[in-house]
Amino acid sequence: MDNKKIRVRFAPSPTGPLHIGGVRTALYNYLFAKRNNGKFILRIEDTDQKRYVAGAEQYIMESLKWSGIEVDEGLEQGGEYGPYRQSERKEIYKKYAEQLIESGNAYYAFDTPEELETLRNKLESEKAANKSYSASSRMQMKNSLTLPEEEMKRIIDAGEPYVIRFKMPENEKISFTDIIRGEIEVNTSTLDDKVLFKSDGMPTYHLANIVDDHLMEISHVIRGEEWLPSLPLHIMLYRAFGWESPEFAHMPLTLKPDGKGKLSKRDGDRLGFPVFPLEWKNPQTNEISSGYRESGYFPEAFINILAFLGWNPGTEQEVFSMDELIEAFSLERVGKSGSRFDPEKAKWYNHQYLIKKNNEELAELYQSVLREKGINAEIQYVEKVVGLTKERANFVNDLWEQSAFFFVAPDSYDAKAVKKRWKAQSFDQMQELSRVLENIAEFNSENIERIVKDWIQKNEYSMGAVMNAFRLLIVGALSGPHLFDLISVLGKEESLQRIEKGMEILGK
């Protein structure tokens, strides 16, 4: 990277919850900025007031915070390039639209919706190469290029609606470089004269975006590939203003786990995984959509999942902390083709972070699950339990399924296991085992294991038969961690009580 000051922006529209594809865009911008000692800016693009959704702006900011993506300049942080909400900048844009008219790069257009519809139908029926308002059709329309000056002035003074359109040059080759996609060449004859300023006095996305990026001194625009078709216009706008354009990088799409097309909320609903970082309640319908946070994902795992949707470090390493991602990230290692979202891999990532957490931290998280179930257990006890069960869990909530028997003695026994493992001799053997356990002074896992196995061998009992019957009485099923670890945590008294109770229920 040269000595250019690195400034990138994430510029979502507050039209609903932030999709994980949006969080990935923010993440790549953030990683790129931090890798190059730059600034990460959050700008809210709310020029389309009709699609504005209450609560969406707050949701965007909270999602980034939860994900660990820290904003350097934005609505909450402020900064010297503000305001950071487009609707608060609307006074700025008209001046720039007028500037393009003065330089001959834009013009006023007075066409009514009916006249535009007529044009569309005409171009369609003629099978024209360019089926939109463009260099090939603009001279047949009602605009400042075709109307006498006094007529144009009369329309504007009368307060009739008009738009300002970009005057796309005719039959000119433009070429530019995209960091991810390489060289791109386009002929301007395939492009239309896009509206830059609407009749309601608001700029369109294209004008506001270019002006803001220029005024905020954005060095790199890193965004989704859906913006690729707009890139030629944006390059032409920079040229028309005589401004140096930022560098561009268009990221690949996040694809659905199966079939074709990009990942949508419907895919998540159908296959049972979230597509939003946080839970979202639709203010119009009150419909609730699940979020990664509420589904039990750790933010570090969530970020790790997103980082690998389109980027790879070129090594075998898959689990990266945010600092490691910053260190390893480069746009050159982002692929061109779309990346399939894999819900199972997402769980795998969460599992990796869960087993890496120390038992103390995990026990604190698990205690809140236990409290909900009316169980108040000492933190030291819970630490031992998570230490024995976390390898089998993907989420903190899964720990209950793996460890409920540490907190609640069984009152029923798996019927299939009883049929298979509770034999004629089991009752007498368990009675003997109970006496063996009672006489063990040092009740730790290694000691218990040594003494019990010696007893089994000395009596020439079947190791499998004894251990399965034993596990059945302690757990109520044939699942759970290493049995001697389990009873050393339960303690001698509790273990003996469970054996006795089980023998009463299962009988001889």
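Note: His250 and Phe248 have parallel aromatic rings, judged against thresholds of 30 and 60 degrees for the angle between ring planes.
Considering all non-hydrogen atoms of both residues, His19 and Leu263 come closest at NE2-O, 3.0 Å. Heavy atoms only, all atoms of each residue included: Ala33 and Ile6 are closest at CA-CG2, 4.3 Å. When all heavy atoms of Pro14 and Glu45 are compared, the closest pair comes out as CD-O, 3.5 Å. Shortest non-hydrogen contact noted between Phe395 and Ser295 is CD2-O, 3.7 Å. The shortest heavy-atom contact between Thr25 and Gly224 is OG1-N, 4.5 Å. The shortest non-hydrogen separation linking Ile184 to Asp178 is CD1-CB, 4.0 Å.
A heavy-atom distance below 4.5 Å is found between the side chains of Lys65 and Glu76. No side-chain heavy atom of Arg333 sits under 4.5 Å from any side-chain heavy atom of Pro313. A heavy-atom distance below 4.5 Å is found between the side chains of Phe341 and Leu309. Within the 4.5 Å cutoff, side-chain heavy atoms of Phe273 are placed close to those of Pro257. Using a 4.5 Å heavy-atom threshold, the side chains of Leu362 and Leu354 count as touching. Two residues are said to be in side-chain contact when any heavy atoms from C-beta on lie closer than 4.5 Å; Thr204 and Lys194 fail this criterion. Side-chain contact between Phe302 and Ile20 is present, with heavy atoms from C-beta onward closer than 4.5 Å. Looking at heavy atoms from C-beta onward, Lys390 lies in side-chain contact with Asn359 at the 4.5 angstrom threshold.
Within the model, atoms OG of Ser264 and CZ of Arg270 stand 8.0 Å from one another, a figure rounded to the nearest 0.5 Å. Considering CG of Leu75 and CD of Gln58, their distance stands at 9.0 Å, rounded to 0.5 Å. With rounding to the nearest 0.5 angstrom, the CD1 atom of Ile355 is 4.5 Å from the CD atom of Glu391. Of the inter-residue distances, the one linking Thr254 atom OG1 with Arg340 atom CZ reads 12.0 Å to the nearest 0.5 angstrom. The CD1 atom of Ile164 lies 14.5 Å from the OH atom of Tyr93; values are rounded to the nearest 0.5 Å. Going from atom OG of Ser289 over to atom CG of Asn282 covers 7.5 Å, rounded to the nearest 0.5 Å.
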query: What's the verdict on side-chain contact (heavy atoms from CB on, under 4.5 Å) for Asp267 and Val275, showing C-alpha distance, side-chain angles and the deciding distance?
result: CA-CA 8 Å; Asp267 300 309; Val275 297; 5.6 Å; no
field: Candidate pair Tyr205 and Asp48, rule side-chain contact (heavy atoms from CB on, under 4.5 Å), full reasoning
entry: CA-CA 8 Å; Tyr205 166 81; Asp48 191 345; over 6 Å; no
task: Could you walk me through whether Ile69 and Val23 pass side-chain contact (heavy atoms from CB on, under 4.5 Å), step by step?
output: CA-CA 9 Å; Ile69 298 171; Val23 187; 4.2 Å; yes
task: Decide yes or no on ring-ring contact (aromatic ring centres under 6.0 Å, His included) for Tyr59 and Phe276, but give the supporting numbers first.
output: CA-CA 10 Å; Tyr59 179 94; Phe276 302 128; 7.1 Å; no
Worked verdict on Asp485 versus Ser488 for side-chain hydrogen bond (donor to acceptor under 3.5 Å, both in side chains): CA-CA 5 Å; Asp485 289 345; Ser488 75; 5.2 Å; no
- request: Quick one: do Arg181 and Glu225 satisfy salt bridge (charged side-chain N to carboxylate O under 4.0 Å, His left out)? Show the steps, please.
  value: CA-CA 10 Å; Arg181 313 216 160 234; Glu225 72 171 35; 3.1 Å; yes
field: Residues Leu306, Tyr292; criterion side-chain contact (heavy atoms from CB on, under 4.5 Å); working and verdict
entry: CA-CA 12 Å; Leu306 296 187; Tyr292 276 82; over 6 Å; no
field: salt bridge (charged side-chain N to carboxylate O under 4.0 Å, His left out) between Lys95 and Glu98, intermediate numbers included
entry: CA-CA 5 Å; Lys95 174 180 97 175; Glu98 301 283 1; over 6 Å; no
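For the pair Arg7 and Tyr81, the cation-pi criterion (under 6.0 Å, within 45° of the ring axis) is fulfilled.
Counting heavy-atom neighbours within 6.0 Å of Glu244 CD, excluding the residue itself, gives a total of 12 or less. Annotation for Lys198: atom NZ counts as buried by contact number, over 12 foreign heavy atoms lying within 6.0 Å. Counted within 6.0 Å of NZ on Lys167, heavy atoms from surrounding residues, nucleotides or ligands total 12 or fewer; the atom is thus considered open. The number of heavy atoms from other shown groups lying within 6.0 Å of CD (Glu446) does not exceed 12.
Between the side chains of Ser403 and Tyr366, a donor-acceptor pair is found at a separation under 3.5 Å.
Sorted by first and then second residue, the ring pair (Phe, Tyr, Trp, His ring centres under 6.0 Å) pairs with a member in residues 342-363 form an empty list; sequence neighbours excluded. Screening residues 372-392 for ring pair (Phe, Tyr, Trp, His ring centres under 6.0 Å) gives Tyr381-Phe407 as the qualifying pairs, with residues at least two apart or on separate chains. For residues 15-41, every residue pair satisfying the salt bridge (charged side-chain N to carboxylate O under 4.0 Å, His left out) rule, not counting sequence neighbours, is listed here: Lys34-Asp72. Within the structure, salt bridge (charged side-chain N to carboxylate O under 4.0 Å, His left out) pairs that include any residue of residues 99-110 do not occur (at least two apart or interchain). Counting only residues at least two apart or in different chains, salt bridge (charged side-chain N to carboxylate O under 4.0 Å, His left out) contacts with residues 356-368 comprise Glu300-Lys357, Lys357-Glu361. Residue pairs that meet the salt bridge (charged side-chain N to carboxylate O under 4.0 Å, His left out) test with at least one member in residues 308-325, sequence neighbours left out, are Glu318-Lys345.
Under the rule for a side-chain contact (heavy atoms from CB on, under 4.5 Å), the partners of Ala404 that lie at least two apart in sequence or sit in another chain are Trp400. Scored by the salt bridge (charged side-chain N to carboxylate O under 4.0 Å, His left out) test, Asp342 finds no partners at all (sequence neighbours excluded). Every residue two or more places apart in sequence or in another chain that forms a salt bridge (charged side-chain N to carboxylate O under 4.0 Å, His left out) with Glu57 is listed here: Arg85. Arg9 pairs by the salt bridge (charged side-chain N to carboxylate O under 4.0 Å, His left out) definition with Asp213, not counting sequence neighbours. Partners of His214 by ring-ring contact (aromatic ring centres under 6.0 Å, His included), not counting sequence neighbours, listed by chain and number: Trp243.
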What pairs of donor and acceptor atoms, side-chain ones from residues 227-242 against any protein atom, are under 3.5 angstrom apart with sequence neighbours left out?
from   : atom 1 : to     : atom 2 : distance (Å)
His234 : ND1    : Arg223 : NH1    : 3.4
His234 : ND1    : Arg223 : NH2    : 3.2
His234 : NE2    : His206 : ND1    : 3.0

